[in-house]
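Below you'll find the structure, written out as structure tokens, and then a few comments.
All residue numbers refer to positions in the sequence shown, counting from 1.
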Amino acid sequence: MPSYRAPIADIMLALRATGLAEVLTLPGGAEDVCEDLVGAVLSEAGKLAADVLAPLNAPGDRQGSRLENGTVRTPDGFAEAYGHFVDGGWTGVPFDPEYGGQGLPWMVGTALNEIWQAANMSFGLAPLLSAGTIELLDSHGSAEQKAQWLPKLISGEWTGTMNLTEPQAGSDLAAVRTKAVAAADLGEGVYRIFGSKIFITYGDHDFTPNIVHMVLARISDAPPGIKGISLFIVPKTLPTAEGGLGTANDLRCVSLEDKLGIHASPTCVMAFGDQGGAVGYLVGAANHGIEYMFTMMNNARLGVGVQGVGQAERATQAAVEYARARVQGGDASVRGGPSVSIIHHPDVRRMLMTMRARTQAARLITYLTAAALDTAKRHADAALRAEAATRAALLTPIAKAWSTEAGIDVANLGIQVHGGQGYIEDAGAAQFLRDARIASIYEGTNGIQAIDLVGRKVLRDGGVAARALTSELAAIAERSAATLPGLQAPLADGLADLEAALEWVLSHPDAVSAQAAATPFLTLFGLVLGGGLLVEQAVIATAEAEKAAAATTAGFFLRHLLPATAGHLATIRAGAADLVALHEDAFVAA
């Protein structure tokens, strides 16, 4: 398995290009933090990732988690690694100091998440889900619930999970059947939960003595559909009045899924209430569970987008390492010359540059999203907070879908760079693709993200938020004219295609047309956004070598990848007719 080195210089440049300096001035805990401190934090994270987490990635993949006598056992070394993770205080970086957090910006937490996901995605899923649990309870829990659950979650003493779907429901959460029956004998707001949930990441494990499950369920006589779903805290072990651990709750992992990748991460089928009802504590008001759960889901959507970045970075590092060492074929520029390492071959360079450029673009998109979240949480001006929240909502489906597609495509190219060795598991490249593949499905498939972008984020406000973002990208193009004149024109061409696509979507608001256009529109939007941010990164780079590398990467993206916007625009304009013309019977082999 190739080694992993956290790309601290690249991460810091991306943070600066997406507004770290402005975020560090926001009130609420980060005013005393400077860029040098952020760099030091990232460097320490890089050491943990390289020395502890990354070496467990391949062995954990081979060994996998297993269910033994009703308890999930993670691969050798994982529980000990989690202990190191908790001892370092990494679980509490972006959270409220009142409950034990460090109060650093989400931007910093997002950069750290990239490092964890790149080093060992199976491991990184546990703190990712805990982060979403913390965000949900901090936003919607009562004062008593925050005091009871947040300190242990933020410290990492306990972990959290998300329990949404069921076998019959899939992505349609309106079909959830898990029941919640009021338990008057246990107190107000306490219910007994009955049902099952599937695809529960870290639904059981041996990292911590307790797991805080966030469970969607229906209270008796609730309205049908989405409007009748409530949200409950259902712990693995019930807490005592003093905050310690009491009796086991009525829930269990009944099986583990056998998956394509992320083998070390236990994906559980959970059963609730087989012995009389699992105790659950209602969060907020009844029948508002989906509204509350979206806080956790949006947090996780950004986190999953960062998984795409992490796997892309890991695959790129491995491909570069192999291409520099593998000697095969002569130099194309020297007829009859000696054999050279394959990194000298133009087609291999095409693949490596594509991997590098897409990885950096995805990183910038996710960091920009995190910056918008920080501003929405902490800016002193209420109007600017609202504006930033709208920006974060627009960016989240792009960050999730475009970045996870980049992770898959980059990992796939990584196998190609390795050639036949890439298809052999021992080389390690195959694991990156297998692990990355789930991210485009997690937290709402990428098709759902695209429909969300078009339906809820563009059509709902008439394109106002999207146009505000394209105006900023146009300003980046103008700023680049003085120092990087070769980049202005191709970025302007991409922007023109995005604006034309936006106009088409706004003029075709019917559901069939909008959904047919959704995926090419999101892909086009991500290309232009990623290209613009790469240009901004090149503009602000200061050191000579850093600026040259950033400019070259931006130039490659704009001249070799961004022209694809024309094809996506043509697909959007083609409409839905060809998609819906065939009768469903025509898809069945005769």
Less than 4.0 angstrom from a charged side-chain N to a carboxylate O is my criterion; do [X] and [Y] meet it?
| X | Y | result |
| --- | --- | --- |
| R467 | E499 | no |
| E536 | R16 | no |
| E425 | R434 | yes |
| R350 | D347 | yes |
| E44 | K47 | yes |
| E472 | R391 | yes |

Which is it for Q307 and Q311 under the side chain to side chain donor-acceptor pair (under 3.5 Å) test, yes or no, and what are the steps along the way? CA-CA 6 Å; Q307 288 182 327; Q311 290 305 295; over 6 Å; no
If I compare all heavy atoms of [X] with all of [Y], which pair ends up nearest, and what's the gap?
| X | Y | value |
| --- | --- | --- |
| L24 | P105 | CD2-CG, 3.9 Å |
| A501 | I572 | CB-CD1, 3.7 Å |
| A576 | V512 | CB-CG1, 3.6 Å |
| A376 | A388 | N-CB, 3.6 Å |
| L459 | G455 | CB-O, 3.8 Å |
| T18 | L364 | CG2-O, 3.4 Å |

Quick one: do L302 and L373 satisfy side chain to side chain contact (heavy atoms under 4.5 Å, CB included)? Show the steps, please. CA-CA 10 Å; L302 176 57; L373 289 171; 3.7 Å; yes
Drop me the distance from [X]'s [atom1] to [Y]'s [atom2], to the nearest 0.5 angstrom.
| X | Y | atom1 | atom2 | result |
| --- | --- | --- | --- | --- |
| S130 | F95 | OG | CZ | 8.5 Å |
| S507 | E503 | OG | CD | 7.5 Å |
| I342 | H344 | CD1 | NE2 | 11.0 Å |
| S139 | N299 | OG | CG | 9.0 Å |
| T354 | D409 | OG1 | CG | 10.0 Å |
| S43 | L48 | OG | CG | 13.0 Å |

Can you confirm whether [X] sits close enough to [Y] that some side-chain heavy atom of one is under 4.5 Å from a side-chain heavy atom of the other?
| X | Y | result |
| --- | --- | --- |
| L487 | F557 | no |
| L484 | R479 | no |
| P94 | L104 | no |
| L20 | Y367 | no |
| K457 | D452 | yes |
| T201 | I262 | no |
| E114 | R363 | yes |
| V417 | M355 | yes |

Determine, step by step, whether N412 and Q416 satisfy the side chain to side chain donor-acceptor pair (under 3.5 Å) criterion, reporting the C-alpha distance in whole Å, the side-chain angles of both residues, the deciding distance to 0.1 Å, and the verdict. CA-CA 7 Å; N412 190 44; Q416 194 71 15; over 6 Å; no
Check the pair L506, L502 against side chain to side chain contact (heavy atoms under 4.5 Å, CB included), reporting the backbone distance first and the verdict last. CA-CA 6 Å; L506 291 171; L502 180 59; 4.0 Å; yes
Go through the steps for S341 and R324 under the test side chain to side chain donor-acceptor pair (under 3.5 Å), then give the verdict. CA-CA 6 Å; S341 57; R324 294 182 70 186; over 6 Å; no
Please check if the number of heavy atoms outside [X] that lie under 6.0 Å from its [atom1] is greater than 12.
| X | atom1 | value |
| --- | --- | --- |
| D578 | CG | no |
| R437 | CZ | no |
| E546 | CD | yes |

Would you find a donor on one side and an acceptor on the other, under 3.5 Å apart, between the side chain of [X] and the backbone of [Y]?
| X | Y | value |
| --- | --- | --- |
| N298 | F294 | yes |
| H568 | L522 | no |
| S513 | D510 | no |
| Q102 | G89 | yes |
| T552 | A549 | no |
| N446 | Q449 | no |
| N120 | L53 | yes |
| T390 | A386 | yes |

Would you check if the distance from the ring center of W504 to the ring center of F521 is below 6.0 Å? no
Indicate whether the side chain of N57 and that of S122 have a donor and an acceptor atom separated by less than 3.5 Å.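 The answer is no; no qualifying pair exists.
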In terms of side-chain heavy atoms, does S333 have a donor or acceptor partner in D331 at a distance below 3.5 Å?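 A pair is found: one side chain offers a donor N or O, the other an acceptor, under 3.5 Å apart.
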Parallel, tilted or perpendicular, as decided by the 30° and 60° cut-offs, for the rings of H418 and Y322: parallel
Could you walk me through whether Q537 and Q360 pass the side chain to side chain donor-acceptor pair (under 3.5 Å) test, one step at a time? CA-CA 10 Å; Q537 181 172 262; Q360 292 195 13; 3.0 Å; yes
Does F432 form a side chain to side chain contact (heavy atoms under 4.5 Å, CB included) with T316? I'd like the steps, not just the answer. CA-CA 10 Å; F432 305 140; T316 300; over 6 Å; no
Between W106 and R378, is there a cation-pi geometry (under 6.0 Å to ring centre, at most 45° from the normal)?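 Verdict for W106: no cation-pi partner in R378.
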Would E443 and K400 count as a salt bridge (Lys or Arg N to Asp or Glu O under 4.0 Å) if you check the C-alpha gap in whole Å, the side-chain angles of each, and the deciding distance to 0.1 Å? CA-CA 9 Å; E443 306 311 328; K400 192 276 182 182; over 6 Å; no
Of I115, T369, T110, which is the lone residue that meets side chain to side chain contact (heavy atoms under 4.5 Å, CB included) with V306? T110
Would you check, one step at a time, whether the test side chain to side chain contact (heavy atoms under 4.5 Å, CB included) holds for V108 with L15? CA-CA 8 Å; V108 178; L15 288 170; 5.7 Å; no
